[in-house]
Amino acid sequence: MHNINFIRDNPIIFDNFMKQRGELPCSKNIIKIDEDKRNTQTILQNLLAERNKLSKEIGILKSQNKDSEVENILKRVEKIKEETSNLKELEKIKEDELHAILSRLPNIPSSTTPQGKNENDNILYREWGDKSDFQFKPKRHYEIGENLNLMNFDLASKLSGSRFVVLKGMLSKLERAIAQFMLDKHTDENGYTEMYVPFLVKNDSLFGTGQLPKFGEDLFTAGENHWLIPTAEVPLTNLVRDKILQSNNLPMRVTSYTPCFRSEAGAAGQDTRGMLRQHQFSKVELVSIVEPQHSENELERMLESAESILKDLNIHYRVMTLCSGDMGFSANKTYDIEVWLPGENNYREISSCSNCGEFQARRMNAKYKSKDKNIFVHTLNGSGLAVGRTLIAILENYQTEDGNVIIPEVLRKYLNNQSLLI
RNA sequence: GGAGAGAUGGCUGAGCGGUUGAAAGCACCGGUCUUGAAAACCGGCAAGGUGGCAACACCUUCCAGAGUUCGAAUCUCUGUCUCUCCGCCA
């Protein structure tokens, strides 16, 4: 959500920012509605002030038993009531109009976010490790999984339709081991506190993080008033909704392992094979709530926390800085970690770390006490990492010629010290 | 699912038709004292908005939404959530 004062004071700059994000100029319209709203408010408030004053007089007169004087005042008050009820309606209309526009505009890109239209304009930030060297043609993850009889898409589609998977035996265990390794790393070494959170949330929470009102199509609903979370970012970030935090509680770093549900409405026909893009997947999420002056550093710290997982797994990856046109709605800056998949011969997103600045905090009304003022916090979120895609990366990078998979060192303690998948 | 109680500022908690935006305490901030800290004492301290260069004035908000009234934290209705007891249950 944007600060209306900023738009009022910098309409051209604002329109320019929105253009970078693929939006049409709209400041003129916003300012017009805002002016109408304020003009209405000024008139309304003067009338209300008069009414309040007269009501107080009535109180005093009644206590003095001067009923005859009360009569006259009542006439005037009645007239005011008529006028105010219309003005109140108009004010509400203008407020709703303004809110409807502002709540659908994406965040302003940070000054360090490269300008660009789409993923082709993203910029390489850094790389780590090397592409694994195979003496044979590496298979894709679903070939490995299906050949081992541990990954089954037909069964899943019988149960639930397309874009689901059933994992069996060691592959199912491997998924659990990956998640536990990530959680242990983030809680023991990276300073995050583990949380167990609801997987169903209500509208307000999704509005707070920015999925609603614009992107309801990408979500699954559950019953009348609930939605399935598309990411743990939603419950974790909303922990501070409608709060005024004490500054000694910041930074607040939390992590959670949850399933994520996405309708993938805009992805028809994309990545239909394998378990790369599913309606359901699990993810270990990182969320930081920080004071504004620390959010830029916090993004680097969060990125490093996410990277530490792939480093420990010893899998090659690169980090991309997303351009203004490719960033998510709430972000002012985003790094994507793209992991190397030798079977696919391609890099694939395995984590996305974003600084949302005060954008979500404004939507959520999340502040902290600083000296004498209450200031909006900054919120950040990142995957640390997507568990399903990490499983894919391990299968493809650690596969052997005979179709088995070597278990990465750091995961063995979670798997009875086994060194091979089967 | 049945019966009852409740929701007030960062927190605890008074108030139950008019001068209450709200007592008191804690927390926090400023000061006095102290070599420093603590304690003690003094002072400050809800949020959002409108108008104004400003000082400041005004409006709205005591879970949410409707209503009664000249006037609502206080009365009525609806919803949401919390707690207690009973039932059921992983």
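Every chain is numbered from 1 and lettered A, B, ... according to where its sequence line falls, protein lines coming before strand lines.
Between B:C70 and A:Arg76, no contact under 4.0 Å exists linking OP1 or OP2 to a side-chain N or O. In terms of phosphate contacts, A:Lys367 brings no side-chain nitrogen or oxygen within less than 4.0 Å of OP1 or OP2 of B:G10.
Rounded to the nearest Å, the gap between the C1' atom of B:G17 and that of B:U69 is 9 Å. A distance of about 9 Å separates the P atoms of B:A46 and B:A23, rounded to the whole Å. Using C1' as the reference atom, B:G48 and B:C29 are 22 Å apart when rounded to the nearest Å. Distance check on atom P: B:G44 versus B:G52 gives 31 Å, rounded to whole Å.
Side-chain atoms of A:His141 come within 3.5 Å of backbone atoms of A:Met275 as a donor-acceptor pair (strictly under, hydrogens ignored). Judged purely by atom type and a 3.5 angstrom limit, A:Ser256 has no side-chain atom pairing as donor or acceptor with the backbone of A:Thr258. With A:Thr187 contributing its side chain and A:Thr193 its backbone, the two residues share no donor-acceptor pair below 3.5 Å. Under a 3.5 Å cut-off, the side chain of A:Ser324 and the backbone N or O of A:Gln20 do form a donor-acceptor pair.
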Paired and unpaired positions of RNA chain B as dot-bracket, Watson-Crick or G-U wobble under 3.5 Å, | denoting a partner strand: ((((((((.[[[..)..(.....]]].(((((.......))))).((((((....)))))).[[[[[..)....]]]]])))))))....
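Across all strands shown, A:Ile58 has heavy atoms under 4.0 Å from base atoms, whether or not it also approaches the sugar-phosphate. The residue A:Arg8 sits close only to the backbone: its heavy atoms come under 4.0 Å of sugar-phosphate atoms, none of a base.
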Please enumerate all protein N or O atoms sitting under 3.5 Å from an N or O of nucleotides 54-60 of chain B, with distances to 0.1 Å.
| residue | atom | partner | partner atom | Å |
| --- | --- | --- | --- | --- |
| B:C59 | OP1 | A:Asn52 | ND2 | 2.8 |
| B:U60 | OP1 | A:Arg51 | NH2 | 3.3 |
| B:U60 | OP2 | A:Asn52 | ND2 | 3.3 |

